[in-house]
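Structure record follows, encoded as C-alpha cells.
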Amino acid sequence: VNFYLGKIYSFMEKDDLAIKHFRDFLDFKKEYKNQSAFTSQHRTIYEASALALTTEKLYKKNNYKEIIELAALIENQKIFIKENKDAKNDSKALIEFSNFYLGTSYLFEGYIDEGKDNLLWVKETTDNDALLNMINQYLAQINDAT
C-alpha cells in the first residue's frame with residue numbers, strides 16, 4: 001500500500017507525502033528482509049522504483065544527506081545487478097539513477113571518493129547517453145578540482 005500511495009503522491013507532485021510513503025515501504029522491507037517473498041525480482045523492481053523516485057525527489061529538494069542515509073539500500077541494489085545479469089532493464093535503469101543521485105549527493109556533501117565511486121559504477125553499467133554525459137561532466141569537475 002505504501003508503495004502505491006508513494007506513486008500516487010508522486011504523480012500528484014506532493015513530494016513530501018510521496019517520500020514519506022516510499023520510506024515507509026522501504027522500512028517495511030528492512031523488517032522482513034529474511035522472507036523469501038521480498039527477495040524476488042518482482043519485489044526488487046518495486047524497491048528500485050521506490051528508491052529512484054525517493055532519491056529524485058530528495059535531490060530536487062537539495063536534501064543530499066537524506067539520500068546518503070539511504071546508501072545501504074542503494075548499494076544493495078548493485079548486488080542485485082551483479083547477481084542477476086538478466087535483470088529487467090527497467091529495474092537496472094532505476095538502480096542506476098538511484099546510484100547517480102547517491103553519487104552526486106556524496107559530491108555535494110564533500111565525500112569526493114564515495115561520490116566518484118558511485119558515478120564510476122553507473123558509468124560502467126549504463127547505456128543511457130544523457131546520464132553518461134552528466135556523469136562525465138561531474139567527473140571532469142572532480143579531475144579539474146584535484
Side-chain angles (χ1 to χ4, degrees), residues 1-139 142:
V1 170
N2 279 311
F3 174 80
Y4 288 111
L5 284 172
K7 294 259 311 197
I8 290 167
Y9 286 124
S10 182
F11 290 131
M12 295 172 66
E13 296 185 21
K14 295 186 177 194
D15 292 349
D16 291 334
L17 287 170
I19 291 167
K20 178 210 176 302
H21 285 285
F22 284 136
R23 295 219 40 172
D24 288 347
F25 168 78
L26 294 167
D27 287 342
F28 178 80
K29 195 260 183 183
K30 284 192 289 190
E31 292 176 27
Y32 295 95
K33 64 183 171 189
N34 294 326
Q35 292 186 1
S36 62
F38 292 113
T39 60
S40 70
Q41 182 167 326
H42 189 67
R43 169 64 192 192
T44 302
I45 293 170
Y46 285 122
E47 184 176 285
S49 181
L51 281 168
L53 288 166
T54 301
T55 55
E56 176 189 33
K57 296 202 175 296
L58 290 170
Y59 190 84
K60 287 193 318 190
K61 294 172 157 284
N62 300 323
N63 200 335
Y64 310 120
K65 288 180 182 178
E66 280 193 48
I67 294 172
I68 293 170
E69 289 173 10
L70 296 170
L73 285 172
I74 295 169
E75 292 287 331
N76 284 339
Q77 296 283 304
K78 288 181 186 178
I79 295 167
F80 174 78
I81 293 289
K82 289 177 188 173
E83 292 177 355
N84 296 281
K85 298 294 182 195
D86 59 340
K88 292 185 178 180
N89 283 339
D90 291 345
S91 58
K92 184 178 175 287
L94 293 167
I95 292 166
E96 290 168 356
F97 275 105
S98 294
N99 278 278
F100 170 77
Y101 289 126
L102 177 61
T104 55
S105 294
Y106 276 133
L107 294 179
F108 293 145
E109 290 296 319
Y111 302 103
I112 304 302
D113 292 336
E114 293 86 346
K116 190 175 181 178
D117 287 345
N118 275 281
L119 293 177
L120 287 172
W121 181 85
V122 176
K123 184 176 179 174
E124 291 173 12
T125 61
T126 193
D127 56 3
N128 181 321
D129 290 335
L131 192 57
L132 282 171
N133 287 335
M134 288 187 289
I135 291 168
N136 286 331
Q137 289 174 11
Y138 280 112
L139 292 174
I142 292 170

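As the structure is a computational prediction, the values presented were derived from the model and not from experiment.
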Quiz prompt | Residue pair Leu102, Thr55: steps toward the side-chain contact (heavy atoms from CB on, under 4.5 Å) verdict | solution = CA-CA 8 Å; Leu102 177 61; Thr55 55; over 6 Å; no
Check: Are Lys92 and Glu96 close enough for a salt bridge, meaning some N to O gap below 4.0 Å?
Finding: yes
query = Mind checking whether Phe108 and Tyr64 have parallel, tilted or perpendicular rings, split at 30° and 60°?
reply = tilted
Here the gap from Met12 atom CE to Leu5 atom CG, rounded to the nearest 0.5 Å, amounts to 10.5 Å
- How about Tyr111: does its OH atom have over 12 heavy atoms from other parts shown lying under 6.0 Å from it? no
Discussion item. When you compare the side chains of Asn99 and Tyr101, does any donor N or O come within less than 3.5 Å of an acceptor on the partner?
Written reply: no
Here the gap from Ile112 atom CD1 to Asp117 atom CG, rounded to the nearest 0.5 Å, amounts to 11.5 Å
query = Within a radius of less than 6.0 Å around NZ of Lys116, do more than 12 heavy atoms belonging to other residues, nucleotides or ligands occur?
reply = no
* Side chains of Ser10 and His21 in contact at under 4.5 Å (non-hydrogen atoms) -> no
With a 4.5 Å cut-off on side-chain heavy atoms, are Ile95 and Leu51 touching? no
Shortest non-hydrogen pair, Ala18 vs Gly6, comes out as CB-O, 3.5 Å
Indicate the ring-plane relationship of Tyr59 and Phe100, choosing parallel, tilted or perpendicular according to the 30° and 60° boundaries.
-> tilted
Closest heavy-atom pair, Ile67 versus Ser105, reported as atoms and distance to 0.1 Å, is CD1-OG, 3.2 Å
The side-chain hydrogen bond (donor to acceptor under 3.5 Å, both in side chains) partners of Lys123 (sequence neighbours excluded) come to Asn136
One should read off an interatomic distance between Tyr106 OH and Asn118 CG, to the nearest 0.5 angstrom, of 6.5 Å
Output for pair (Leu107 CG, Ile142 CD1), nearest 0.5 Å, gives 4.5 Å
Between the OG1 atom in Thr126 and the CG atom in Leu119, the distance rounded to the nearest 0.5 Å is 12.0 Å
task: Indicate yes or no for a side-chain donor-acceptor contact from Lys7 to the backbone of Ser49 under 3.5 Å, with no hydrogens or angles considered.
output: no
- Item | Thr54 side-chain N/O to Ala50 backbone N/O, donor-acceptor pair under 3.5 Å | yes
Checking side-chain contact (heavy atoms from CB on, under 4.5 Å) for the pair Leu26/Asn2: CA distance, chi angles, key distance, verdict? CA-CA 9 Å; Leu26 294 167; Asn2 279 311; over 6 Å; no
- Between Lys20 and Asp24, is the closest basic N to carboxylate O distance under 4.0 Å? yes
Exactly one of Arg23, Lys57, Lys61 clears salt bridge (charged side-chain N to carboxylate O under 4.0 Å, His left out) with Glu66, and that residue is Arg23
Rounding to 0.5 Å, atoms CZ (Phe97) and CD (Gln77) come to a distance of 14.5 Å
